[in-house]
2 protein chains.
Amino acid sequence: MNADSIRGHLDGLLLAVLEDGPLHGYGIIEALQRRSGGALEMPTGTVYPALRRLERARWIAGDWDTVGGRRRRTYTLTRAGRRALEEQRAEWIRFSGVVGSVLGGAP
Amino acid sequence: MNADSIRGHLDGLLLAVLEDGPLHGYGIIEALQRRSGGALEMPTGTVYPALRRLERARWIAGDWDTVGGRRRRTYTLTRAGRRALEEQRAEWIRFSGVVGSVLGGAP
DNA sequence: CTATATAAGTAGCCTGTCTACATAACCAGG
DNA sequence: CCTGGTTATGTAGACAGGCTACTTATATAG
């Protein structure tokens, strides 16, 4: 999975894993990996800045808590984030339809 | 169609329209628009540099000719380009499968 | 002659992703 | 005890591709 291909689609993926319930950054990375069957191994340098971006956009809300002596920032999907996720899904349907049809191969 | 979403997928689209036969830049832009039902309106500042990139990669070969007094650079898919296109198609299948499954919404 | 269509191109910006690193606490094995 | 692995968060800087906004040129329609 090359780096550029994910570009512009990461936000939707992050929102999607948070739909199942609040999760912290590290957990999100693991969830992405699990849900993609190992295909998605997002580096922390990609995910953490992206989460802050989503937080700034008010699509997710972050809270610090401590579990077993370790600090975690747990993110929760906001109402706006839920709406954004739906929009991302719709956008993905459009996008994949267009690319799929132009790329063709299978008619 | 946002700007980033296309990123990393443009090469495949360009190669795909050239699969039907040689075409020049302007014609490629029109073909993309036609084949996407109007969804893809690629600016020249995106397409022309991309074509030169593909040419440098030897995936397409460009030739100047003149039609009706206007100079055109007509691009033809090379053998390597054909292989690259197949790879792009396979990559797209993988990528869209992963994103689709993680993004979910529809199980 | 003016506007539109055809045709190709460039300079410079923007921004999201990656690499590589730093930090820190916990735990298991030797 | 201390080494290495896991959990956990983060940053700085590089990179690259697509975009905006332009330029140039010819043909054709009005």
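Chain identifiers are assigned alphabetically (A, B, ...) following the order of the sequence lines, protein sequences preceding nucleic acid strands; residue numbering begins at 1 within each chain.
Rounded to whole Å, the distance from CD1 on Ile6(B) to P on dT15(C) is 19 Å. Look at CH2 on Trp64(B): it is 12 Å from P on dA7(C), rounded to the nearest Å. Between His9(A) atom NE2 and dG16(C) atom P there is a gap of 13 Å when expressed in whole angstrom units. Distance CG (Asp65(A)) to P (dT7(D)): 17 Å, rounded to an integer number of Å. In this structure, CD of Gln33(B) is placed 14 Å from P of dA7(C), rounded to the nearest angstrom. Here dA7(C) presents its C1' atom at 12 Å from CD1 of Ile28(B), a figure rounded to the nearest Å. Spacing between atom CZ of Arg73(A) and atom P of dT11(D) amounts to 11 Å, rounded to whole angstrom units. If you take CZ of Arg52(B) and P of dA8(C), they are 11 Å apart, rounded to a whole angstrom.
Minimum interatomic distance between Trp59(B) and Leu77(B) (heavy atoms only, all atoms of both residues): O-CD1, 3.7 Å. When all heavy atoms of Val98(A) and Ser101(A) are compared, the pair lying nearest together is O-OG, 3.0 Å.
Both Tyr26(A) and Asp4(A) lie near DNA chain D, and the one whose nearest nucleotide falls closer to the 5' end is Tyr26(A). Comparing Gly68(A) and Thr46(A), the nucleotide of DNA chain C nearest to each residue sits closer to the 5' end for Thr46(A). In terms of position along DNA chain C, the nucleotide closest to Glu41(A) lies nearer the 5' end than the nucleotide closest to the other residue of the pair Gly69(A) and Glu41(A).
You'll find that the side chain of Leu10(B) is closest to dG18(D), out of dG10(D), dA7(C), dG18(D). For Pro49(A), counting side-chain heavy atoms from C-beta on, the closest listed nucleotide (dG9(C), dT11(D), dT9(D)) is dT11(D). Among the nucleotides dG9(C), dG17(D), dT11(D), the one closest to the side chain of Arg7(B) is dG17(D). Picking from dT7(D), dG9(C), dT17(C) the nucleotide with the shortest atom distance to the side chain of Glu30(A) gives dT7(D). Residue Ala3(B) places its side chain closer to dC19(D) than to any other of dC19(D), dT17(C), dA8(C). Among the nucleotides dG9(C), dC18(C), dC19(D), the one closest to the side chain of Pro43(B) is dC19(D). Distances from the side chain of His24(A) to the nucleotides dT15(C), dA8(C), dA8(D) place dA8(D) closest. Side-chain proximity of Tyr48(B) to the nucleotides dG9(C), dT17(C), dT9(D) is greatest for dG9(C).
If you check every strand for non-hydrogen atoms under 4.0 Å, Gly27(B) touches nothing.
Between Phe95(B) and His9(B), the angle of the ring planes lies from 30° to 60°, which puts this pair in the tilted group.
For the OP1/OP2 pair of dT17(C) and a distance below 4.0 Å, the side-chain nitrogens and oxygens of Arg53(A) include at least one atom meeting the criterion.
Side-chain contact check for Asp65(B) and Thr74(B): at least one donor-acceptor pair (N or O, by modelled atom type) lies under 3.5 Å.
In this structure, Glu86(B) pairs ionically with Arg89(B), as a charged nitrogen and a carboxylate oxygen lie closer than 4.0 Å.
Here the side chain of Arg7(B) pairs no donor or acceptor atom with the backbone of Asp4(A) at under 3.5 angstrom.
Within 3.5 Å, no donor on the side chain of Arg72(B) pairs with an acceptor on the base of dT6(C), nor the reverse. Side-chain to base pairing of Arg70(A) with dT7(D): one donor and one acceptor N or O lie within less than 3.5 Å of each other.
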